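In what follows, a structure is listed as structure tokens, so that the remarks can point back to it.
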Protein chains: 2
Amino acid sequence: MTTQGPGLHTHVLDTLGLEIAAGEHPPGQVLRTDELAQRFDVSRTVVREVVRVLESMHLVESRRRVGVTVRPTEAWNVYDPQVIRWRLAGADRPRQLRSLTVLRSAIEPVAAGLAARNATPEQCAALTECALGMVATSRGQQLEGYLEHDIAFHRIVLNASGNEMFARLGDVVAEVLAGRTHHQVMFEDPDPAAVTLHVRLAEAVREGDAAAAERLTKEIAVGALHELDVLAP
Amino acid sequence: MTTQGPGLHTHVLDTLGLEIAAGEHPPGQVLRTDELAQRFDVSRTVVREVVRVLESMHLVESRRRVGVTVRPTEAWNVYDPQVIRWRLAGADRPRQLRSLTVLRSAIEPVAAGLAARNATPEQCAALTECALGMVATSRGQQLEGYLEHDIAFHRIVLNASGNEMFARLGDVVAEVLAGRTHHQVMFEDPDPAAVTLHVRLAEAVREGDAAAAERLTKEIAVGALHELDVLAP
DNA sequence: TGTGACGTAAACGTCGTACTTTTTGTTGGT
DNA sequence: ACCAACAAAAAGTACGACGTTTACGTCACA
């Protein structure tokens, strides 16, 4: 999945970002702008803009007289959805998926607790609708439809928490769920227990039961982690 | 606090980012690259590179025939440390500080629990050293020294958790603590209770008591949130 | 009067080139 | 062995030209 439509900049950025995230250019390797321009058959202008963006993500560092050097993983802006997408497409998807799932297990229970206090009636209704959608698509190889409702569900919870930082994690969660559904890191049909938990979570939020919402979300997270342990090495 | 050394690019980026984060350019406002080039007295080349970076942070969107339009807050990459710095320097520091502190209250307890299981002896030693440093600087207007140890302490815990996503939140926490210490959102001397909690947390991690580590970190977070309630409107 | 096709100009996108600045490796002398 | 001056390499910056998309106004026609 590339970023968006045409545009030389987009193409070069996506290609280079993907390669670096995949480890094809180990940390310390230097890339010269002239070479890149030649390789992609674009002007140095385009390459420089790409390098500037990669630099803002801390994937590379540009220094005079030396070139564009690839930075070690520890320096990367791993919360940038773009970087996450690149990494999930690359080699260490398992590690990445696990890190992100642990992150979810820390955030989402708290967010759900807040959502139980702050959710508007509209959000509660949308949540219930998503839960029902998950039930309806939980059988018979409708993984894509299920995924859609699942993403929407978690996004609503994060938004309803009222905390901006939680809300903005919706994209990350979406990437995780999507990356998990594709790439065969999931059973053919979703875990029935997880479906039930989502339904009950929607109820808990609607009734304003913060403790229950937090507990149920923790259970969902535990299930997701366990699923990873089983299906990923 | 600007980004780094000289360089036209850096200056323009920092100025524009700061202005947008401060809300000086409301969402929907269009900036033309030619005007920006004139205003900063730089070439369009430099402006274009800056715009590309701003675009990668989703602060602006560049479209043909219309210009560079400022995007609404909901679209921004609020986990980018650079964006966080800009926002903390701007108008809605209180809101931002609260969001980030809630985020910390969700993450750090889990991270501390993991750290209690995974921390190396070296990390435990460093943690204890930081805690002692906090004690030593907790009285007599040594806020800068205290801040330094505080940041180091939390960074070690996040790193020791063994989870990459947690570890990379160290920069965010550092920004929060720094932004809180400067800007008078803190008492003249740190809360003695907080200092004690840090010392006990270092012990809990050293002894591998995950439950205690998680509980103590939660208490620290509650204290920080309470402090915000008292000192910020 | 309303509507749709069409043309135009405004703004970004891309390119090529020339020049500047910083950094680094090397050379040469003591 | 050390230090200083020099030269080259690569990014940084500037400028001007042209391409490309697309919003918007205009005009003809119903």
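In the text below, chain A, chain B and the rest are named by the order of the sequence lines, each starting its count at 1. Since this is a predicted model, take the numbers as computed values, not measurements.
A donor-acceptor pair is defined here as one N or O able to donate and one able to accept, closer than 3.5 Å; such a pair exists between the side chain of B:Trp76 and the backbone of B:Arg71.
A:Glu164 has a carboxylate O that lies under 4.0 Å from a charged side-chain N of B:Arg87, or vice versa, which qualifies the two as a salt bridge. Between A:Arg52 and A:Glu49, no side-chain nitrogen of the basic residue sits less than 4.0 Å from a carboxylate oxygen of the acidic one, so the salt-bridge criterion is not met. A:Glu19 has a carboxylate O that lies under 4.0 Å from a charged side-chain N of A:Arg39, or vice versa, which qualifies the two as a salt bridge.
Of the side-chain N and O atoms in B:Arg64, none sit less than 4.0 angstrom from OP1 or OP2 of D:dT20. In this model, the phosphate group of D:dA11 is approached by a side-chain N or O of A:Thr33 to a distance below 4.0 Å at OP1 or OP2.
Residue A:Glu49 contributes atom CD, which lies 14 Å from atom P of D:dA14 at whole-angstrom precision. Between B:Glu61 atom CD and C:dA11 atom C1' there is a gap of 14 Å when expressed in whole angstrom units. B:Leu54 has its CG atom 14 Å from the P atom of C:dC12, to the nearest Å. Between the P atom of D:dA9 and the CD atom of A:Glu35 lies a distance of 14 Å, rounded to the nearest Å. Between A:Arg63 atom CZ and D:dA11 atom P the separation is 12 Å, expressed in whole Å. Whole-Å rounding puts the A:Arg48 CZ to C:dC15 P distance at 15 Å. The distance from atom CG of A:Asp34 to atom C1' of D:dA11 is 9 Å, rounded to the nearest whole Å. D:dT20 atom C1' lies 17 Å from atom NE2 of A:His9, rounded to whole Å.
Comparing D:dA14, C:dC15, C:dC12 by their closest approach to the side chain of A:Ser43 singles out C:dC15. Taking every side-chain heavy atom of A:Arg32 into account, D:dA11 is the closest of D:dA11, D:dT13, C:dC12. Comparing D:dA14, D:dA11, D:dT21 against the side chain of B:Arg65 picks out D:dT21 as the nearest.
The 5' end of DNA chain C is approached more closely, in terms of each residue's nearest nucleotide, by A:Val42 than by the other of A:Val42 and A:Val66. Taking the nucleotide of DNA chain D with the nearest heavy atom to each of B:Thr45 and A:Gly67, the more 5' of the two is matched to A:Gly67.
A side-chain donor-acceptor contact under 3.5 Å links A:His182 and A:Glu144.
Between the side chain of A:Arg44 and the base of D:dT13, a donor-acceptor pair under 3.5 Å is found.
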